[in-house]
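To start, the structure itself, in structure tokens.
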Amino acid sequence: MSFSRREFLAGAAAVGLLGPAAAAAQPGAQGRFASRHPGGTCFPPRQDPDPTLRFDPWIEVDPTALAFNVDVVSRLVGGRPILAVIKNNGYGLGLTLAGKILEAHTQVRGLAVVKTEEALALKAAGVAKPVLLMALFADADGPELVARGVDLCLFTDDAAQRLARAVQGAGRPARVHAYLDTGMSRMGMPYHRAAPWLEALFQGGLRPLSTFTELAEDREFDREQVRRLLDVASTLRTRGVDPGALHASSSEAVFNLPEGYLDMVRPGIALFGAYPSNEGVEREIAELRPAFRLRARVVRVERLRAGDSVSYGRTYTAERPTWVATLPVGHSDGYPREAVKGAKVLLNGRVYPAVGAVSASHTIVELGEGDPQVRIGDVATLVGPDHPDIHPNAVATRTGRSVYDVLMHLHAGLPRVVV
Ligand SMILES: *Cc1c(COP(=O)(O)O)cnc(C)c1O
């Protein structure tokens, strides 16, 4: 199976890597990826007109913060290689954008995702480092995944047959990893029947590049899970099978479980600058830098009279005259609906409370009684590194959401701008 340059270009344009000029130079290019990635999962860093000049929200992505977090993680784990998890649209930052930035770091050995579509999009975008698909691949996708060089994980009883069908269709060997369940009961071959399964699967020339598991993030049980993985690995070695690199640690274990570092670590959220615990207690161990901002420009500044209410359901009523500003960004963009519970918004160096119900496309902030220091067109930051109250972990705790939601719910359709 081969892919023409035209198909590749169409795919790259569809995921937004080539910019408008290159996309326009491919009119009607209908390569298979062009139709398979409608809308794309990432947007060009700069568009014409510049999205930051509009009254639509946008997301800024900061490569220096990503680099800083890669360094922090690398130092914590004693320089072990990092398999960077960038699932779910690169934790909201943009899949191919995050992938391209992260793969450029020497400490990053490869990228990992959970959706077939994302693995293919990364390869179509020209990611050269390994891309691990931590999911069950369908027979319909197997040949293309192998042909594109996506790393597959194996964990089913029929893994050998599944793999054979994919390899046969692709006409080239596959890169494979063994996925073990050591106690999550979610994905992977259960550890207590893994050794004979692995031995049978890897008896020929085939070798796993790695054998990995996922931890339940319960400190004592995590230690037991690591022991289970190590036990399977040593049983295999005594039977002459090399399990490859062993890995288990997500961000939580990177901060809290040195026994889990093994040969490689597999963090996601920490690389994007958020702490895995909602309250961000890991800040005490190492400071990270949020690598994105959710921003929008003020579209309205008005003075409420005493008794005027705000937004749907009238959950906020002004007790005395006060100024409010409207931001054209709401829960459909990924900003939590629950902002009224105490979220703050940064405007011209000061934080103001969100008031009333956040609607699909609007958020209202209270500026106070005095002369408002805010004008139409001023840039607001709703989530970002610039003030402790708008740090992703602060937004999560103040709104009762998971910090993972704060990142992963950022709408894929918002422009991503590299700063
Ligand atoms: C999401 C995920 C990770 C990364 O988790 P973080 O908590 O974001 O660091 C690692 N491994 C697997 C299997 C995952 O699904």
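Order of appearance sets the numbers: ligands from 1, and atoms from 1 within every ligand.
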Enumerate the residue pairs fulfilling salt bridge (charged side-chain N to carboxylate O under 4.0 Å, His left out) with a member in residues 184-207, sequence neighbours excluded, ordered by first and then second residue. Asp157-Arg193, Arg186-Glu214, Glu199-Arg239
Does any N or O in the side chain of Gln225 come within less than 3.5 Å of the main-chain N or O of Ala216, such that one atom is a donor and the other an acceptor? yes
Within 6.0 angstrom of His411 NE2, more than 12 heavy atoms from elsewhere: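 Atom NE2 in His411 is not crowded, with 12 or fewer foreign heavy atoms closer than 6.0 Å.
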Less than 3.5 Å apart, N/O on ligand 1 and N/O on the protein: could you list those pairs with the distances?
{"unit_1": "ligand 1", "atom_1": "7 (O)", "unit_2": "Tyr404", "atom_2": "OH", "d": "2.5"}
{"unit_1": "ligand 1", "atom_1": "8 (O)", "unit_2": "Tyr91", "atom_2": "OH", "d": "2.5"}
{"unit_1": "ligand 1", "atom_1": "8 (O)", "unit_2": "Ile269", "atom_2": "N", "d": "2.9"}
{"unit_1": "ligand 1", "atom_1": "9 (O)", "unit_2": "Ser251", "atom_2": "N", "d": "2.7"}
{"unit_1": "ligand 1", "atom_1": "9 (O)", "unit_2": "Ser251", "atom_2": "OG", "d": "2.5"}
{"unit_1": "ligand 1", "atom_1": "9 (O)", "unit_2": "Gly268", "atom_2": "N", "d": "2.8"}
{"unit_1": "ligand 1", "atom_1": "11 (N)", "unit_2": "Arg266", "atom_2": "NE", "d": "3.0"}
{"unit_1": "ligand 1", "atom_1": "11 (N)", "unit_2": "Arg266", "atom_2": "NH2", "d": "3.0"}
{"unit_1": "ligand 1", "atom_1": "15 (O)", "unit_2": "Lys87", "atom_2": "NZ", "d": "2.7"}

At their closest point, which heavy atom of Pro143 faces which heavy atom of Arg165, and how far apart are they? CG-O, 4.4 Å
Do you know which two heavy atoms are closest between Ala270 and Phe255, and how far apart they sit? CB-CE1, 4.1 Å
Would you please say whether a donor-acceptor pair under 3.5 Å links the side chains of Glu118 and Asn88? no
